[in-house]
Amino acid sequence: MNDRYELNKNLAQMLKGGVIMDVTTPAQAKIAEEAGACAVMALERIPADIRAAGGVSRMSDPKMVKGIQEAVSIPVMAKVRIGHIVEAQILQAIEIDYIDESEVLSPADDTFHIDKTKFDVPFVCGARDLGEALRRIAEGAAMIRTKGEPGTGDIVQAVRHMRLMNQQIRRLQSMREDELFDAAKELQVPYELVRSVHQNGRLPVVNFAAGGVATPADAALMMQLGAEGVFVGSGIFKSGDPAKRARAIVQAVTNYNDPAILAALSEDLGEAMVGINEQEIKLLMAERGV
Amino acid sequence: MNIGVLALQGGFAEHIAALEKLGASVTELRKKDDLRAGLDGLILPGGESTVIGRLLNETGLFAPLRDLLDAGLPVYGTCAGMILLAKKIVDEPAVYFGAIDVSVRRNAYGRQLGSFAATARFDGIGEIPMTFIRAPYIEAAGAGVAVRAVVDGHIVAAECGSVLVTSFHPELTDNLRVHRYFLNKIEAREACA
């Protein structure tokens with residue numbers, strides 16, 4: 001098991017500096033791969049449409065996921081509902097490369113997340129702060145992403161989550177060793193993980209940004225704030241020219257510190273997705289599964 | 001000694017950490033201007049080869065790097081880096097640098113469930129830990145290519161002239177011997193040049 005967990009963390013390391021894109025069809029998966037996605041997230045509806053449609057949203061049809069696995073050579077991820085052990089077993093059975101236990105879907109369990117240590121395939125989970133991130137890691141997540149607010153095209157929440165997580169990491173780093181026990185109690189996480197963050201100044205797994213990224217500038221902003229890569233959900237295929245926007249976001253993540261390149265990339269991208277501000281939405285997906 | 005590490009996407013930070021532990025200086029390569037630093041060697045890291053291949057063209061790094069490789073700049077490619085250096089990719093038309101006469105199969109061990117760790121002999125180094133992540137392997141190597149490691153009957157490390165490739169990721173382990181081997185190779189070359 002330990003070996004498998006290391007290999008699963010290692011796969012996330014290979015995704016760093018990359019963009020993981022939501023796709024709903026094999027054709028979109030091809031567009032994403034050709035634009036330079038380092039992985040795709042296969043799902044039936046992108047978050048903006050889930051938000052618009054309402055109702056219960058669930059794991060995608062395995063046949064649709066398999067179609068996407070056959071279409072591309074890059075890793076394929078798919079989402080399961082928080083706490084839905086069987087949806088995760090099904091995705092493992094079709095050899096998915098990464099499972100996203102995601103607040104974007106309707107939670108299946110309002111108390112418990114999946115015990116991810118029982119699985120061989122890796123999991124990525126969302127987090128709004130360090131406590132959530134370390135609880136998911138304790139449960140076996142091999143990769144973390146900010147929750148942001150999916151399907152809004154509004155970056156404010158992803159920024160808030162990334163800043164908060166990194167502030168809390170810096171705070172742990174500056175503590176005396178005998179203060180770490182109380183910090184673990186406060187964060188409601190195992191002491192060993194707190195100690196690891198104190199020593200290394202980072203999460204023990206790769207940390208991406210997600211939820212609200214719509215432009216190359218948004219992606220570069222998250223990288224400058226410390227993200228190791230970016231998920232883009234609705235931002236690409238809800239925009240006017242998905243292929244061009246996807247290519248621009250990929251390049252922006254590589255050269256996130258170069259304003260001249262970012263300026264060139266931001267030109268003439270056509271219409272961005274129509275955003276919704278956080279004050280305008282009734283359902284905050286980020287509040288699911290803490 | 002200054003080593004350029006291609007930093008477009010993937011596990012480049014791990015290579016940089018390994019090189020710095022061995023006392024080499026490192027330049028991250030993200031755009032053409034970064035080449036002004038002057039390189040004694042080059043590392044192409046793991047990541048997604050389709051992504052890195054595309055970004056090599058879009059950043060304008062491909063042509064100058066190919067010229068440096070043609071001129072004999074020592075290069076080490078891990079995983080995706082090996083695919084970028086191979087002369088042929090099985091069942092695919094794409095070729096990137098084509099710098100070493102090997103034919104590689106992408107995702108040769110299948111999806112993430114096929115990723116594994118092993119300990120095996122690397123010719124010229126000895127037994128080392130090897131981490132394979134959705135790894136390729138070499139199906140066929142040309143006559144001039146020296147096979148450096150074989151795992152389960154598949155070639156996972158090879159060398160020819162200035163080019164070294166491995167399917168596995170030594171940068172994901174604590175063992176620095178492959179990186180040391182690469183730096184020694186550069187030193188030996190510079191000593192007799």
Side-chain angles (χ1 to χ4, degrees), chain A residues 2-4 6-21 30 32-40 69 72-77 91-99 119-122 142 202 206 228-229 246-248 250-258 260-261 264-265, chain B residues 6-15 17 28-34 45-61 78-81 83 89 91-92 94 105-118 129 131-136 168-169 171-173:
Chain A
N2 243 338
D3 212 8
R4 191 40 58 191
E6 281 305 311
L7 293 167
N8 288 340
K9 287 198 290 183
N10 287 161
L11 176 57
Q13 287 174 273
M14 292 302 138
L15 300 175
K16 282 187 302 180
V19 181
I20 299 168
M21 302 182 193
K30 288 301 280 185
E33 182 177 49
E34 278 157 24
C38 69
V40 289
Q69 285 176 317
V72 296
S73 72
I74 54 179
V76 178
M77 304 182 164
L91 288 182
Q92 173 161 283
I94 63 167
E95 298 199 12
I96 200 78
D97 290 303
Y98 242 98
I99 293 175
F119 288 80
D120 288 331
V121 291
R202 53 160 298 139
V206 166
E228 297 182 279
R247 283 199 301 274
V250 168
Q251 292 183 62
V253 168
T254 296
N255 280 300
Y256 65 91
N257 262 331
D258 192 318
I261 292 178
L265 290 173
Chain B
L6 192 66
L8 299 177
Q9 189 270 324
F12 51 86
E14 292 78 1
H15 276 293
E28 286 187 19
L29 306 177
R30 293 170 191 268
K31 52 184 188 292
K32 270 197 287 190
D33 285 355
D34 298 332
E48 283 303 319
S49 55
T50 51
V51 181
I52 301 173
R54 160 167 281 284
L55 286 168
L56 274 168
N57 283 315
E58 285 174 347
T59 55
L61 272 168
T78 55
C79 195
I83 293 173
I89 306 170
D91 295 337
E92 288 178 44
R105 180 174 289 279
R106 199 197 286 276
N107 300 340
Y109 300 93
R111 303 184 191 285
Q112 173 61 5
L113 285 173
S115 293
F116 66 103
T131 301
F132 297 83
I133 303 296
R134 285 173 46 97
F168 56 89
H169 296 280
E171 78 283 6
L172 294 178
T173 71

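Chain letters run A, B, ... following the sequence lines, proteins first and then strands; every chain starts at 1.
Looking at B:Arg54, only its side chain comes within 4.5 Å of chain A, counting heavy atoms on both sides. There is no contact between B:Glu28 and chain A, counting heavy-atom distances below 4.5 Å. Only the backbone of A:Ala35 comes within contact range of chain B, with heavy atoms under 4.5 Å apart. In this structure, chain A has heavy atoms under 4.5 Å from both the backbone and the side chain of B:Leu113. Interface remark: B:Ala7 contributes backbone atoms only to the contact with chain A (heavy atom separation under 4.5 Å). Contact of A:Glu228 with chain B is not made at all, since no heavy-atom distance falls under 4.5 Å.
For B:Phe132, the ring pair (Phe, Tyr, Trp, His ring centres under 6.0 Å) partners two or more places apart in sequence, or in a different chain, are B:Tyr109, B:Phe116, B:Phe168. Residues that satisfy the side-chain contact (heavy atoms from CB on, under 4.5 Å) test with A:Ile261, not counting sequence neighbours, are A:Asn255, A:Asp258, A:Leu265, B:Lys31.
Summarising the geometry, atom CD1 belonging to B:Ile83 is positioned 8.5 Å from atom CD belonging to B:Glu48; distances are rounded to the nearest 0.5 Å. Atom OG1 of B:Thr131 and atom CD of A:Glu6 lie 8.5 Å apart (nearest 0.5 Å).
Defined by atom type and a distance below 3.5 Å, a donor-acceptor pair is missing between the side-chain atoms of A:Gln251 and A:Thr254.
Of all the listed residues (A:Gly229, A:Cys38, A:Gly17, A:Ala39), the one sharing the greatest number of non-hydrogen pairs under 4.5 Å with chain B is A:Cys38. Annotation: maximal heavy-atom pairing with chain A below 4.5 Å, among B:Ser49, B:Gly11, B:Pro45, occurs at B:Gly11. With chain B as the partner, the residue from A:Gln69, A:Lys9, A:Glu34 showing the most heavy-atom pairs under 4.5 Å is A:Gln69. Chosen from A:Val250, A:Asp97, A:Asn8, the residue pairing most often with chain B at heavy-atom distances under 4.5 Å is A:Asp97.
A side-chain donor-acceptor contact under 3.5 Å links B:Asn107 to the backbone of A:Ser73.
Look at B:Arg106 and B:Asp91 and you find no salt bridge, because none of the NZ, NE, NH1 or NH2 atoms lies under 4.0 Å from a carboxylate O.
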